S.K.: 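Here it is, the structure, as structure tokens.
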Amino acid sequence: MIDIQLKDVPLSTEECNQLVAFAGAGGTVVFVGTVRDQTKGKKVVRLEFEAYKPMAISEMRKIAEVAKEKWSADKIAIHHRVGVLDIGEIAVIIAVATPHRKAAFEACEYAIDTLKETVPIWKKEIFEDGEVWVAAHP
Amino acid sequence: MIDIQLKDVPLSTEECNQLVAFAGAGGTVVFVGTVRDQTKGKKVVRLEFEAYKPMAISEMRKIAEVAKEKWSADKIAIHHRVGVLDIGEIAVIIAVATPHRKAAFEACEYAIDTLKETVPIWKKEIFEDGEVWVAAHP
Amino acid sequence: MNAFGKYLIIANYYFYEMDIEILAFGIAKDIVNGSSFTMQLPAESTVGSLKAQLCATYPDFERLASFAIAVNEAYRQDDYTISDKDEVVIIPPVSGG
Amino acid sequence: MNAFGKYLIIANYYFYEMDIEILAFGIAKDIVNGSSFTMQLPAESTVGSLKAQLCATYPDFERLASFAIAVNEAYRQDDYTISDKDEVVIIPPVSGG
């Protein structure tokens, strides 16, 4: 069960948890990324996420396939939000269920680390006096 | 924010996630343990969890204090269910939010590993033809 | 105090017994056939001597993967001394989570 | 085929140009001032030569922490050859999650 979604409506941890739940699970590990209220002390008003959708989905799927291959994590949900997000809203949820919980921890951490490096999604932080594409410049 | 609960009603991942969420979180890691439908191929009908309540709470609090000390994980919720659980119901949720996500993964894994070793809670598996206290015998 | 006086005091400790209320959980409840019971222990008994007496009275404790004793809501080592106002609990192998 | 004929074919490749539709996301959109644009590239251009031409036309690309090119929905190395039916996308540093 691999469930990859890019959604422009709020994400649900309950939904992701239920998607990956299976009768033989030793545990489910869920990573939840939320919108921070500040960057380097500067107040963030809101965020905008933009994705190159077909490739974002295929890159997230690749991550899930590697997790399945390497940690037998064949129950994995990766949901990412796009559009305008307010402070405290959930930007990403990664849920992994495995027979042994150690594998779920490792696969989930691999998935979020890799997502942040390879998935073509971009975050723009909007401040009171301007905006910036996160990580664009060195 | 340390939130320790022993509850005889269903646990909620949304609730735990919201309890630990804070404006500066780099990420929240949630471990969810559910009731399996079988043990060594034998069908489990339901489970019963029993706790030595005051000490279960103080031992869970100790775990949270160590996580806070070692990983600066000062936002942690540990909710454990007691009573009769059906297959698929959630037995435990551990949610940890930290400024840097690596710490949240490590603290959450430490917490569930230690909970399973030190917290005085006992699980009885009820089969169609009998019942057994899990892990009681070598 | 002379040597005889000292002996008397020791003897006094030795023969004084205390009634300890013991709580049992999980499989320990099945072994002692109840969730609490009272055990007579010599004064100044330790956790180690309580465990030995439990195993002597209920041999099923020796068949467990392990068991611990909590006194006043904390795990205690074998050398911990039990007093008669203490809350003493048998902790068979835990299986939460 | 003689040497002269071979030369002609090479010359033919060299002068043939293709119009490539390029999509831009994130800060790349701001740099090229739009979410898509058309670039004329020599036939058989590689990802490497496209990146060089992008930097020559829009010097702001050189100021990015990095940028990659995706062709047909996958990252491609500099030696990958672009054809005129390909979907070519500029991928500035990603920041999802």
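Below, read A as the first sequence line, B as the second, and so on, with proteins coming before strands; counting in each chain starts at 1. Here the structure is a predicted model, which means the values were calculated and not measured.
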S.K.: With a 4.5 angstrom heavy-atom cut-off, which part of A:Ala56 approaches chain D: side chain, backbone, both or neither?
M.R.: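 Looking at A:Ala56, nothing touches chain D.
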
S.K.: Please classify the contact of A:Phe49 with chain D as side chain, backbone, both or neither, using a heavy-atom distance under 4.5 Å.
M.R.: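 Contact with chain D involves the side chain of A:Phe49 alone.
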
S.K.: Determine whether more than 12 heavy atoms belonging to other residues, nucleotides or ligands lie under 6.0 Å from atom NZ of A:Lys70.
M.R.: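 Open: at most 12 neighbouring heavy atoms sit under 6.0 Å from NZ of A:Lys70.
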
S.K.: So for A:Glu59, is it side chain, backbone, both, or neither that comes closer than 4.5 Å to the heavy atoms of chain D?
M.R.: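 Side chain of A:Glu59 only, per the 4.5 Å heavy-atom cut-off to chain D.
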
S.K.: Which atoms of A:Lys116 come close to chain D, meaning under 4.5 Å heavy atom to heavy atom: side chain ones, backbone ones, both, or neither?
M.R.: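 It is both, since atoms from each part get that close.
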
S.K.: Counting only heavy atoms not in A:Lys53, do more than 12 sit closer than 6.0 Å to its NZ atom?
M.R.: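 Not more than 12 within 6.0 Å, no.
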
S.K.: Using a 6.0 Å cut-off, check whether atom CD of D:Gln77 has over 12 heavy atoms from anything other than its own residue.
M.R.: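 Check fails, neighbour count at 12 or below.
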
S.K.: Under a 4.5 Å heavy-atom cut-off, does chain D meet the side chain of A:Trp122, its backbone, both or neither?
M.R.: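 A:Trp122 touches chain D through backbone and side-chain heavy atoms alike.
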
S.K.: In a table with atom names and distances, give each donor-acceptor pair under 3.5 Å that connects a side chain of residues 89-97 of chain D to protein atoms at least two apart or in another chain.
M.R.:
from, atom 1, to, atom 2, distance (Å)
D:Ser95, OG, A:Lys123, N, 2.9
D:Ser95, OG, A:Val134, O, 3.3

S.K.: Taking A:Pro138, A:Ala51, A:Ala91 one by one, which has the highest count of heavy-atom pairs under 4.5 Å against chain D?
M.R.: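 Looking at each of A:Pro138, A:Ala51, A:Ala91 in turn, A:Pro138 comes out on top.
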
S.K.: Heavy atoms, side chains only, cut-off 4.5 Å: are A:Met55 and D:Phe25 in contact?
M.R.: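 A:Met55 does not reach D:Phe25 side chain to side chain.
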
S.K.: If I measure from the heavy atoms of chain A, does D:Phe67 come under 4.5 Å with its side chain, its backbone, both, or neither?
M.R.: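 For D:Phe67, neither part sits under 4.5 Å from chain A.
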
S.K.: Identify which part of A:Ala135 has an atom lying under 4.5 Å from any heavy atom of chain D, answering side chain, backbone, both or neither.
M.R.: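 For A:Ala135, backbone and side chain are both near chain D.
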
S.K.: Side chain from CB out, backbone as N, CA, C, O: work out which of these in A:His137 comes under 4.5 Å of a heavy atom of chain D, or both, or neither.
M.R.: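 For A:His137, heavy atoms of backbone and side chain both lie under 4.5 Å from chain D.
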
S.K.: Heavy atoms only, distances under 4.5 angstrom: which of D:Ala28, D:Gly26, D:Ala70 has the most pairs with chain A? Name it, please.
M.R.: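 With the most close heavy-atom pairs to chain A, the winner is D:Gly26.
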
S.K.: Inspect the surroundings of CG in A:Asp129 and state if more than 12 heavy atoms from other residues, nucleotides or ligands are less than 6.0 Å away.
M.R.: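 Count over threshold, so yes.
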
